[in-house]
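We name chains A, B, ... by the order of the sequence lines, and we start the count at 1 in each one.
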Amino acid sequence: MRMIQWFYLAVAFTFIYLPVASLVLFSLKDGNLPLPPFEGPTLRWYQDVLSDSQLMAALGHSLLVAVSSSLVACTLGFLAAYGLARHVLPGSVFMRGLLIAPMTVSYLIVGLGLLIVFNQLGIGVSLWAAGIGHVVINLPLCFAIIYASMGAQQQNAEHAARDLGANEGRVITLVTIPMLAPAILAAFFLAMTLSWDEFVIAFLLTRFEVTLPVEIWSLLRSGLSSKTNAIGSLVFLGSVTVVLLLEIFLFGRRRA
Amino acid sequence: MTASISIKGLHHTFGAFQALKNIDLSIDAGEYTVLLGPSGCGKTTLLSILGGFLVPTQGLVMIGEKDMTQVQPAKRPTTTMFQDYALFPHMSLKDNVAFGLRMRGMRKQARHAKADQFLELVGLFHDGNKRPHELSGGQRQRVALARALAVNPDVLLLDEPLGALDLKLRRSMQDELKAIQREVGTTFVHVTHDQEEAMAIADRIVVMNAGQIEDQGAPDRVYRRPCSLFAANFMGEINQIPAWREQNRLATLLGHPPIAPPDSDAEQWVACVRPEQLSSEPREWSLGTATVVNNAFFGAHYRCHLRSDKAPNLTFVAHFPPSHEPKVGESLALYVDPQHISLFADTHVKEAVA
């Protein structure tokens, strides 16, 4: 029985990590095509990527869009959650539904809709437009995560703070946000990861300045290359670092 | 600081449900008042109205001669100690206690010094840098008390503060609460459904039921001479003997109690006697003999159930001195002094008729 358990574990992890492992492996291959047989290893492709100004610019754009759109989505999500959780509003069930509903709409539809709206308004497409698009898709998620973690415990602490003389602003900044910090940070990093990875909306809503996924896509059009593997590996390394840091600083501390 | 409280003509409704009906209550400055009643009696609603978390549908709330009916919690001279303590988990104990002072604009050094003072008052002087999750339930409760007292409120409101503690800790915290209240002199209003707790700490007990005040007064008065059948029952075990008017006398199945018939047109009455007032030694009124059904030793007394020999449907609970053990099956003559009989109109009969 024990053997079967270990076997199952091995198969599951292979299934999850084999694509990533092969990506990283062939990014080190000394040859143009990321296909077997393996030759090398070499760091040539990494050098190539890091000296490619267009790719580096796309990386910067992606970072900018990811961080700023997640900040906005988190702020709006928090305010909506706070309002709906703490105040009795007419039609609050309906409003909650309306806030979460965009989660069920495909990114393609959201992107198309925004494209039409921006064109009608004469704003055109840009990194701004892509950022707004990412706020649209991440707001429901941030709202749902933060709203779900607003329990009676925070509410009682907020009552206590008000009772001790705190005004609404200080209740939010000194009690609500610190108490909800794990949920808010989780929402922020999840939104950031999703925005960082997002292709469809960024593709539809950017033109001259593009995000990293769009840049990679245009590289892929000229065929598979070990260079794309190197970019992929770098992006993966970045995500893994963020996740590990989160695990250590945020969730590790809470458990202790 | 301390202040008196005066509540006049208070009504409160939640939708169609009337939570409080015509409450009039005066509490003196520096008094320890306990609002006592079963769950759903409106005692917590009344406390919330005092704290400013609810605005009453109708009526007036005065704290220290000022009308506070519409004033927000933050602007009231009251603080509340919440049932679940509601400490701020992300702050040290010192910051928790100093929070109210921070809201009043006190500088960090000054407010930490004051917080230390109040932590010392509740015996947690050396734990100022701990977080709430490192404490036991009783310690958290002390921090909540220190935090509520640190801003020097005129009135401290305590919402079932001892409900989450085990019995032994609860009894020792009662003494401590009372001692701290004496030391700071603040008016305390404490909500509980535990009658023993109320007796242990209150200067004044307010017995509530179904949104109304049934009785209020000093604990011994409310226990010995309750104003209503509900209060009599809620304050502790009591024997109820049905009574009725017979010409100009009061009659029961056990004879005529030597008390004047009440000046009221109610037909059915209940004569109530506390278990410790029933005696097997001769007193003014004899209840005839009763057979001991069971008995249990409680240290300070034997608690017995007895069945009346004259009216077998009547059972009594009596406390007998520990010097002599009543035997099961033994027949004892029971007596009571008339000043220990409380007489109430039998509301159950009235309700059934209405």
Side-chain angles (χ1 to χ4, degrees), chain A residues 74-75 78 81-83 85-93 145-189 246 248-256, chain B residues 14-15 44 47-48 50-54 71-92 95-106 111 115 118 131-134 140 143-153 155-160 164:
Chain A
C74 250
T75 310
F78 169 77
Y82 186 78
R86 295 292 180 259
H87 299 278
V88 182
L89 302 168
S92 63
V93 174
I145 292 173
I146 298 170
Y147 184 81
S149 65
M150 281 191 166
Q153 208 208 349
Q154 285 93 1
Q155 192 161 14
N156 291 341
E158 287 162 14
H159 269 307
R162 264 180 224 122
D163 186 52
L164 291 165
N167 60 29
E168 201 66 9
R170 300 187 93 174
V171 169
I172 292 179
T173 52
L174 294 177
V175 177
T176 313
I177 291 181
M179 283 183 80
L180 286 175
I184 294 174
L185 284 175
F188 175 78
F189 283 110
L246 264 184
I248 292 166
F249 289 110
L250 201 66
F251 300 112
R253 209 182 52 186
R254 247 203 320 179
R255 228 175 282 128
Chain B
F14 294 111
T44 301
L47 198 77
S48 299
L50 283 173
F53 297 105
L54 285 175
V71 179
Q72 295 169 10
K75 306 256 163 67
R76 290 192 185 213
T78 60
T79 49
T80 303
M81 195 174 136
F82 294 90
Q83 193 169 11
D84 65 345
Y85 317 140
L87 296 178
F88 307 128
H90 55 289
M91 293 182 196
S92 67
D95 284 328
N96 261 285
V97 176
F99 188 85
L101 301 169
R102 184 177 176 189
M103 294 304 111
R104 281 155 182 74
M106 195 186 270
R111 66 175 191 250
F118 278 93
R131 296 285 176 106
H133 69 86
E134 296 173 67
R140 281 180 213 192
V143 177
L145 180 65
R147 183 180 68 176
L149 285 174
V151 297
N152 225 341
V155 176
L156 182 71
L157 308 170
L158 305 101
D159 185 8
E160 306 221 8

Sequence neighbours excluded, every pair satisfying salt bridge (Lys or Arg N to Asp or Glu O under 4.0 Å) that has a member inside residues 72-88 of chain B: none

N/O donor to acceptor pairs below 3.5 angstrom from side-chain atoms of residues 179-189 of chain A, sequence neighbours left out:
none

Residue selection (most heavy-atom pairs with chain A, distance under 4.5 Å) from B:Arg147, B:Met91, B:Gln72: B:Arg147

Top of B:Gly51, B:Gly52, B:Pro73 for chain A proximity - count of heavy-atom pairs under 4.5 angstrom: B:Pro73

Closest non-hydrogen atom pair between A:Leu174 and B:His90, with its separation: O-NE2, 2.8 Å

Proximity breakdown for B:Tyr85 and chain A, heavy-atom pairs closer than 4.5 Å: neither

Contact list for residues 172-184 of chain A, test salt bridge (Lys or Arg N to Asp or Glu O under 4.0 Å), sequence neighbours left out: none

Minimum heavy-atom distance between A:Arg170 and B:Arg102, given as atom pair plus value: NH1-O, 3.9 Å

Residues 156-165 of chain A: residues contacting chain B (heavy atom under 4.5 Å, by number): A:Asn156, A:Ala157, A:His159, A:Ala160, A:Ala161, A:Arg162, A:Asp163, A:Leu164, A:Gly165

